[in-house]
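These numbers were taken from a predicted model, which means no experiment stands behind them.
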Amino acid sequence: MLKKMGVRGLSTYIREHLSEALERHKLHHCNVIIDGNNLAHILYFACTGINASFGGDYDKYASYVEKYFEGLQSCEIYSIVVMDGGQPLDMKKLRTVRQRIQNQIQMCIRVEPSNQYKSKIFPCMGRQVFVTTLQRMGITVVQTDFEADEEIAMLSKILGYTVLSNDSDFYMYDVPLVMLDSTTNQKISTSKNKKPIENYKYLSCYHFSVDKFCELTKMDRAHLPLLATLLGNDYLSMEVFTDFYAQLGEGRKATRMSDRHKIIKDVITWLANRKGQSMEYLVSVVSQVAGKKKLKQKILQSVNHYTEMKTNLLNYLNPDGLIKSHSSLHSDSSLAGRSLLEETALITSSEVETALILKNGKKLPAWFMEAYRTHRIPHEVADILTQSYFISPPQVEDISAESSYLVVEPIVRSVCRLLWQDVSTHDYNHKYHYGSKDKDGELLAGMNDLSISVDQYYDPCTSNEMYDSDVVIEEDEEDSDDQCTLDKSDGSDFFLPKIDETNLKHITNNEVDEIHQTENLSGEHVIGVNENCELNEEVNEKEKEKKVSEDKCKLGVNKKTKVQYLKWYLRKNNRIWIKNLSFLSDEKANKLPSLDDVTSMSVFDKKKVFYSVFETNTEFTDLDLPGDLELILDFIIFWFRRSKLPLKDCHALAVLMCIFMYYIIDSKIGRVRTRKAFEVVDTCKTKISDFQNDASYSWPDAGVKDLLAHTSDEECLVAAFNLFQFHHQDPRVTDKYYSRKTVHAFCEYQACIYFLQLLNSLLCLPFPMLSVECLWGGTFCYNIFSDLKRRSNPVVRITELLGKGTCLQRLFLILFKRLGETLNFKKSVDMVEVVQNSKLPKKKSKEENKITEQKTTKNIKINKQENINVKVTKQGNKNTKISEQDINTKISENVKQNAVNTHTMSSKNDKQQLTRDGKLSAKEKNKKKRRREQLQKEREKGQNDKSASNEQLKDQERVGEENVYLLENRFAELVSDPGPVCVD
């Protein structure tokens, strides 16, 4: 669900012009109720190092969320986090939601590395990461049926808890409110009392004072809900009150305020001048000034939203137990990490109150509501159940490609069919109520006194109010799956053979077809039915109903017939696309159980249903994988088989490396992302060398579970050190070299993770529940993929990163080889087999090194004698053969002669004799010079031979390692191309 906006501009106005209403406050030793959706967005955008252009950095986000709540717990602040459920049943906010989706699509299309830090893009699985992080910390998280505002405000009034939110709607609920953004960037402080025992930690923040606000504005406290309505909120836009604002602004003095702030000031002044007057009177005045007859009822409904609050979470949370639990936690800070749910023991599942029911009025199973309340089943399911539509959050995609969510279309069909399995068409002819009743017969949630029949059923996609020119409509075109429903008194199978759904659509949804015809492919706005429908609405209403009724009779379709499909909100090009997704065929639908039958099924039967949905069987039975790892590999296989893009083996290598980084390495050594933690890497490498001499560590027949068990912290730390560079954006990835197609491919992978997890949840978890921060990270995956696609041999590159001969490397090769065999990566599989067959050199002892050194020295002497032999041969007759004995004799004579000559030249008598005989001839001087140069060269050659001996000794010790480094040469013919081609 998208983040709520509340009263636009009110928070800014209060901070700039009524700042005294925000009082400085020390938050500590208290209980709070947190607006979960609000906090999830604030923390994501406040987290540093997140790169929006790569699809989502979930591990960084999870770490930031954990640090925030650790700070709250250190101040002994204990929280209940309440998450939004589905959209309101009255659909008053659907226009607002659709506009926000369109804005998000535009932002996702325009984001690039150069502007990503200015873009507010919340990733599609950010909410799941937020919730799973809190649940791992033991913090209470509950999910409401629909919007959480009323639930939070009501719980705050009953329990006396402080609300933490940035939603400006809470200004008007008259509850103790702390501004959420004032707590996120503050450091934990310690009080300074004279007695150290009395010191405590606190979080500095801003508290909104309703009394101070009313004092400053001179408003009546009871008029706060009307103020929120007149300023425009999620239920009534400010455009409705344009005439009212114009009348208030007459005679206004010129100020430097923005136009929005001027309106806020005028409305506050108008209400302050009418202090003490009744709400109904003021609403009548506003509706008359605005000149709209139906506006009064809409204003009253919006006001009631702030005054008539209800909750069905109170009994679920068991407030008496919560209070007792909180007091015990305050007395013992060591229990700060424990869950309130564990302390209080929630009420039994059969007693869970809910406004969620099936369309036939049937209640949902107890296990389902338990899973929904604890957020194991996501909030989008509520929209599917109650309103037959599903909103897929926008992702960073390639505008020229199809929506990344289309890859999971068969899963979406199956999920809808599973949720609607027990719905029969004859039930539509009966009126039904959304909501559950308490003992007094009043609705706890949902639409008050709302009954809907098939003729009154409100369709958000056919309503004139819900459309303008930026919506694209497309009917589902798969003939085999298109079905319609028909009333049967016996309640038997309600599917009929396909009727002409296109003609039916032309009759029942005239407005939609007119809108579709006014769509201009060039993006220009063409005036259509939306611009003129309000003028002719009252005149043509009766004629329209009459014509629709007549046309239905011509087709033989009565009131009991209704086409069943899901309205799926997607992206097409740069606009919203609503795809009408029909039901599964009977053959496929019969393979799915009902929600009531799921709990009685065995794990084997649940897995059988799971694999039947994407029409495959498990490929890893013989590997004896852990359940969670098996599910992860299923994600990859489903993605490759359903992708709309030409995926290569580098895509599989990249996501598999993410799994090793986040699922295996981080689970062993924790999240290590600082250079200081890698100071002991050299010591770890030495230990790994010692491990490799252990037979149990190097056991060649070790299975997956054995390798996981024997994976050491040392090899994980070394691998984390090698992979550290990929966690940060590569500075070479500028807008010019940024590949949006690569990001689009991994968005498909995210969609597969999300919907396969949803299917897993609806089948009561035949596989363990996983969270995406343990599986994938956008920046890391993009960098790994970019590095591998430049390599001619990516498998060898990964071997180097994980460590040669380590358990991590061997485990990776086993898993990727099986993936390659399943997905037909022939070249990569061949590379894996070569790496697996290559052996690492054994570590030599000191005695072996000495023997090697002696042999090397002997070989050097032999080579030296051979060189002398060549020189002597050149000086003598080329046809004469000189024996080895003659060579040694010649060498000894030369050495003796050199010694005699040196001694003679240094002798004083010889010098005198040379002087008497006269000066040395020029020929003798040159001969002496050449002799000295020869001696100098021999000395230098001796030193070079010694260094060469050392180098040759080192080369001998690395003989075994050359097997791995020569892989690329050995497979030059096998890998003749430059490597896997990128999506680009």
*Do His305 and Glu150 have a side chain donor and acceptor closer than 3.5 Å?*
yes

*asked:* Around atom CD of Glu70, are there more than 12 heavy atoms from other residues, nucleotides or ligands closer than 6.0 Å?
replied: yes

*asked:* Strictly below 4.0 Å, N to O, side chains only: are Glu773 and Arg136 in salt-bridge contact?
replied: yes

*Measure the acute angle between the ring planes of His41 and Phe122, then classify it against the limits of 30° and 60° as parallel, tilted or perpendicular.*
parallel

_Closest non-hydrogen atom pair, Leu72 against Ile34_ = CD1-CD1, 4.2 Å

*Stepwise side-chain contact (heavy atoms from CB on, under 4.5 Å) test for Thr229 and Leu236*: CA-CA 7 Å; Thr229 302; Leu236 281 176; 3.9 Å; yes

*Ring center gap for Tyr171 and Phe213 short of 6.0 angstrom*: no

*asked:* As a quick check of understanding, evaluate side chain to side chain donor-acceptor pair (under 3.5 Å) for Glu380 and Tyr754, giving each step before the final call.
replied: CA-CA 12 Å; Glu380 290 91 350; Tyr754 179 84; 2.5 Å; yes

*Going by heavy atoms in the side chains, are Met83 and Thr144 under 4.5 Å from each other?*
no

*Give a yes or no on whether Lys157 atom NZ has more than 12 heavy-atom contacts from other residues, nucleotides or ligands under 6.0 Å away.*
yes

*For the residue pair Asn312 and Asp145, confirm or rule out a side-chain donor-acceptor distance under 3.5 Å.*
yes

*Are the aromatic rings of Tyr173 and Phe170 close, with centres under 6.0 Å apart?*
yes

*Side chains of Tyr569 and Asp383: donor-acceptor distance under 3.5 Å anywhere?*
no

*Which pair of non-hydrogen atoms, one from Tyr117 and one from Ile50, has the smallest distance, and what is that distance?*
CE2-O, 3.5 Å

*Report yes or no: is the cationic atom of Arg24 (NZ for Lys, CZ for Arg) under 6.0 Å from the centre of the six-membered ring of Tyr206, at an angle within 45° of the ring normal?*
yes

*Taking side chain as C-beta onward, heavy atoms only, is Ile33 less than 4.5 Å from Leu164?*
no

*Are Arg673 and Asp666 close enough for a salt bridge, meaning some N to O gap below 4.0 Å?*
yes

_For a side-chain contact (heavy atoms from CB on, under 4.5 Å) check, start with the C-alpha distance between Val210 and Leu224, then their side-chain angles and the critical distance, and finish with the verdict._
CA-CA 10 Å; Val210 177; Leu224 291 177; 3.8 Å; yes

*Has the side chain of Asn166 got a donor or acceptor atom that lies under 3.5 Å from a matching backbone atom of Leu180?*
yes

*Please say whether more than 12 non-hydrogen atoms of neighbouring residues, nucleotides or ligands are located less than 6.0 Å from CD in Glu23.*
yes

*Indicate, with yes or no, if the rings of Phe390 and Phe755 have centres closer together than 6.0 Å.*
yes

